[in-house]
There are 2 protein chains.
Amino acid sequence: MGSKKNFKNLPHKTIERLSQYRRALLICLDNNKTHIFSHEIAKIQHITPVQVRRDLMLIGYSGTLRKGYNIQELIDLIGTIIDNEEGLNTTIIGMGNLGRALIKYLSGKRSKLEIVAGFDTNPDKIGNKFSGIQCSSIEHLDKIIKEKNIKIGIITVPEDQTIEMAQKLVDAGIKGILNYTPKPVEVPDHVYLEEYDMITTLEKVAFYVKMAEEQKK
Amino acid sequence: MGSKKNFKNLPHKTIERLSQYRRALLICLDNNKTHIFSHEIAKIQHITPVQVRRDLMLIGYSGTLRKGYNIQELIDLIGTIIDNEEGLNTTIIGMGNLGRALIKYLSGKRSKLEIVAGFDTNPDKIGNKFSGIQCSSIEHLDKIIKEKNIKIGIITVPEDQTIEMAQKLVDAGIKGILNYTPKPVEVPDHVYLEEYDMITTLEKVAFYVKMAEEQKK
DNA sequence: TTTGCACTGTTATTATTTTAACAGCATGTA
DNA sequence: TACATGCTGTTAAAATAATAACAGTGCAAA
Ligand SMILES: NC(=O)c1ccc[n+]([C@@H]2O[C@H](COP(=O)([O-])OP(=O)(O)OC[C@H]3O[C@@H](n4cnc5c(N)ncnc54)[C@H](O)[C@@H]3O)[C@@H](O)[C@H]2O)c1
Ligand SMILES: NC(=O)c1ccc[n+]([C@@H]2O[C@H](COP(=O)([O-])OP(=O)(O)OC[C@H]3O[C@@H](n4cnc5c(N)ncnc54)[C@H](O)[C@@H]3O)[C@@H](O)[C@H]2O)c1
């Protein structure tokens with residue numbers, strides 16, 4: 001029962017929102033704001049002020065009455081919760097359109113998550129740099145992952161290569177995988193997996209658009 | 001109280017899973033399977049067989065005992081629920097790395113969602129085709145959206161252009177927006193909005209990797 | 001100094017989503 | 001025929017998440 005909360009029990013949804021809050025806060029900080037109200041954060045994220053306050057309560061942060069939350073303090077606190085102290089090195093497998101878009105997007109963000117390597121099989125890409133990240137041959141994956149202490153792998157290879165590459169990552173001792181291909185993978189329990197397929201999101205939008213149209217009739 | 005269920009009340013999560021089931025089923029169909037068990041679908045999607053059966057119950061589909069679900073029938077039924085009969089035309093705003101990756105990925109999928117136009121401001125891109133999709137000047141956005149009856153817009157422009165482009169889409173009468181930039185937008189109630197930021201997902205992976213590591217200590 | 005206001009922080013309630021429990025049934029087997 | 005097996009479909013319970021309700025508080029205006 002030390003002073004440190006057991007953040008392990010934070011709701012999954014709260015974890016996601018903390019990440020989002022931080023990004024919104026970083027933007028506000030850039031605009032020379034020092035404090036922010038719960039309803040301001042809420043508006044940016046399309047949620048309710050109560051939900052914001054509740055999330056902040058869960059992480060044990062208190063704002064100042066009539067002044068709101070200290071942006072810098074809150075950013076720092078969220079950092080101590082969701083970031084790894086030493087940072088977590090990350091790699092991208094498959095430097096195609098999507099892989100390069102992600103690298104470009106992620107590099108330069110103020111995040112403890114650093115992309116430290118990229119891999120591909122195409123000889124034209126191997127040896128080149130993309131947004132400052134060296135692209136290596138997939139043959140050296142195991143070696144480089146261990147050398148650079150890489151913990152997270154993002155998969156953006158062609159669909160039919162997915163399973164094989166996921167296995168390679170697992171064998172190299174990776175701890176988390178983010179799979180952007182439409183091919184679902186299986187990983188052992190000790191590896192945390194997230195999969196994202198854009199079609200799901202798009203079809204969801206389509207469904208609710210359809211519903212709204214039918215409603216009008 | 002007609003025969004048609006009010007699918008409007010389906011849980012959001014079920015909608016997402018239906019889309020995922022269908023994609024898994026389409027793959028199975030390609031492999032010449034005709035039937036599938038709930039536990040097989042479940043394994044592919046990393047969920048429980050009960051959840052699959054419950055979802056299918058909600059949409060009123062029955063399988064055959066000891067034989068499972070008829071894949072083609074189920075695909076068709078899911079289609080009648082989440083697809084718009086006439087299809088929903090879709091456009092991508094910003095034909096950069098990410099926009100092109102999405103176009104390439106989406107074109108050719110068996111989906112009622114067809115990308116029918118792309119827009120950009122860069123003269124080098126305007127007039128060209130990417131994965132078969134014509135890229136037009138953003139100046140013609142309003143005209144083309146109306147002409148082609150486009151209902152859904154995907155935003156992949158640079159962050160600082162996001163708000164403006166979302167507004168343009170709304171003004172042109174779009175019904176759903178999928179925003180892939182990290183800049184949150186606001187839209188009127190009659191427009192359905194989804195936002196996705198990869199950093200959230202990545203930071204979530206990082207958090208649970210961190211938790212797993214701390215657990216071991 | 002009193003009152004109203006505009007916030008925060010917490011607990012209570014409700015809604016949503018997942019999981020569990022189990023009844024029912026077609027098929028295979030003895 | 002009886003009975004075990006391995007599925008489905010449904011209802012009940014539990015877990016998770018969102019919303020509502022409201023007490024508390026410092027400031028500002030009267
Ligand atoms: N989740 C989404 O929203 C989404 C969106 C678009 C694309 N995708 C998927 O992402 C993947 C990549 O899409 P893309 O448009 O970048 O494709 P792409 O063809 O442009 O890129 C694939 C890259 O992977 C490389 N590659 C091939 N085999 C490899 C291997 N075994 N190891 C390492 N690298 C290898 C190729 O040389 C190429 O550079 C595809 O599976 C696609 O379906 C997903
Ligand atoms: N959600 C995610 O996971 C994710 C991942 C990567 C990138 N992104 C974001 O997606 C966006 C695009 O990324 P990218 O790597 O493709 O960038 P990019 O620079 O390669 O592409 C942007 C494109 O938009 C065009 N453009 C600029 N202004 C425009 C306007 N007003 N109207 C129409 N087109 C315009 C540019 O000419 C360019 O072709 C960025 O905002 C980036 O931050 C999001």
Side-chain angles (χ1 to χ4, degrees), chain A residues 5-21 25 28 33-71 73-74 77-78 81 194 200 204 207-208 211, chain B residues 5-21 25 28 33-71 73-74 77-78 81 193-195 200 204 207-208 211:
Chain A
K5 295 271 166 40
N6 53 339
F7 295 131
K8 189 162 49 65
N9 296 330
L10 288 173
H12 282 228
K13 287 296 173 80
T14 296
I15 297 298
E16 287 177 17
R17 283 192 297 265
L18 287 177
S19 165
Q20 288 164 353
Y21 296 160
L25 293 170
C28 294
K33 283 186 70 154
T34 62
H35 287 75
I36 193 167
F37 294 124
S38 61
H39 66 259
E40 293 177 294
I41 300 178
K43 184 148 195 220
I44 298 173
Q45 305 294 344
H46 313 298
I47 57 177
T48 65
V50 192
Q51 197 159 49
V52 174
R53 293 205 297 277
R54 213 177 181 291
D55 284 336
L56 299 190
M57 187 198 80
L58 290 175
I59 65 173
Y61 184 69
S62 290
T64 311
L65 204 48
R66 312 205 90 212
K67 224 177 150 189
Y69 302 94
N70 181 302
I71 296 178
E73 270 179 30
L74 190 45
L77 176 59
I78 293 177
I81 295 166
E194 281 277 338
T200 300
K204 191 177 172 189
F207 175 79
Y208 288 107
M211 282 301 136
Chain B
K5 294 273 165 39
N6 54 339
F7 295 131
K8 188 163 49 64
N9 296 331
L10 287 173
H12 282 230
K13 287 297 175 79
T14 295
I15 298 297
E16 289 177 16
R17 282 191 298 264
L18 287 177
S19 163
Q20 288 164 353
Y21 295 160
L25 292 170
C28 294
K33 282 187 72 154
T34 62
H35 288 74
I36 192 166
F37 294 123
S38 62
H39 67 259
E40 294 177 295
I41 300 179
K43 183 148 194 219
I44 297 173
Q45 306 293 344
H46 311 299
I47 56 178
T48 64
V50 192
Q51 198 159 47
V52 173
R53 294 205 297 276
R54 214 177 180 291
D55 284 335
L56 299 190
M57 185 199 81
L58 290 175
I59 65 173
Y61 184 69
S62 289
T64 312
L65 205 47
R66 311 204 95 220
K67 221 177 153 190
Y69 303 94
N70 180 302
I71 295 178
E73 271 178 29
L74 190 45
L77 176 60
I78 292 176
I81 296 167
L193 173 71
E194 281 276 336
E195 308 198 308
T200 300
K204 191 177 173 190
F207 175 79
Y208 287 107
M211 282 301 137

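Sequence lines set the chain letters: A, B, ... in the order given, protein chains first and strands last, and positions in each chain run from 1. Since the structure is predicted, the reported quantities are computational estimates derived from the model, not experimental observations.
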DNA chain D nearest-nucleotide lookup for A/V50 and B/K67: closer to the 5′ end is B/K67
Tell me whether the count of non-hydrogen atoms from other residues, nucleotides or ligands lying under 6.0 Å of NZ in A/K33 goes above 12. yes
One pair to check against side-chain contact (heavy atoms from CB on, under 4.5 Å): B/Y208 and A/I15. What are the steps and the verdict? CA-CA 10 Å; B/Y208 287 107; A/I15 297 298; 3.8 Å; yes
For A/F37 and C/dT8, what is the distance between atoms CZ and C1' respectively, to the nearest whole Å? 11 Å
Just wondering, do A/E194 and B/K204 contact through their side chains at under 4.5 Å, heavy atoms? yes
Any base atoms under 4.0 Å from B/T14, or only sugar-phosphate, or nothing? Heavy atoms, all strands. nothing
Does B/T64 reach the side chain of B/N70, with side-chain heavy atoms less than 4.5 Å apart? no
How many whole angstroms separate atom CE of B/M57 from atom C1' of C/dA20? 14 Å
Would you check if A/Q51 and A/Q45 make a side-chain contact, meaning some heavy-atom pair closer than 4.5 Å? no
What is the separation between atom CD1 on A/I59 and atom C1' on C/dT8, rounded to the nearest whole Å? 14 Å
Tell me: OH of B/Y61 to C1' of D/dT10, nearest whole Å? 18 Å
Smallest heavy-atom separation, A/D55 atom then A/Y21 atom, equals OD2-OH, 2.6 Å
Among the nucleotides C/dC7, D/dA17, D/dC7, whichever has the atom closest to the side chain of A/H12 is D/dA17
Please tabulate the protein-to-nucleotide N/O contacts below 3.5 Å involving nucleotides 22-30 of chain D, giving atom names and distances.
| from | atom 1 | to | atom 2 | distance (Å) |
| --- | --- | --- | --- | --- |
| D/dG26 | N2 | A/R66 | NE | 3.0 |

Expressed as a whole number of angstroms, how long is the span from A/L10:CG to D/dT16:C1'? 13 Å
Expressed in angstrom and rounded to an integer, what is the separation of A/K13 atom NZ from D/dA18 atom P? 5 Å
For the residue pair B/L56 and B/L77, establish whether any side-chain heavy-atom pair is separated by less than 4.5 Å. no
Please report the distance, rounded to the nearest Å, between CG in B/L74 and P in D/dG9. 11 Å
Please report the distance, rounded to the nearest Å, between CD in A/Q51 and P in C/dT10. 17 Å
Under-4.0 Å side-chain N/O to phosphate OP1/OP2 contact, A/R54 with D/dA21: no
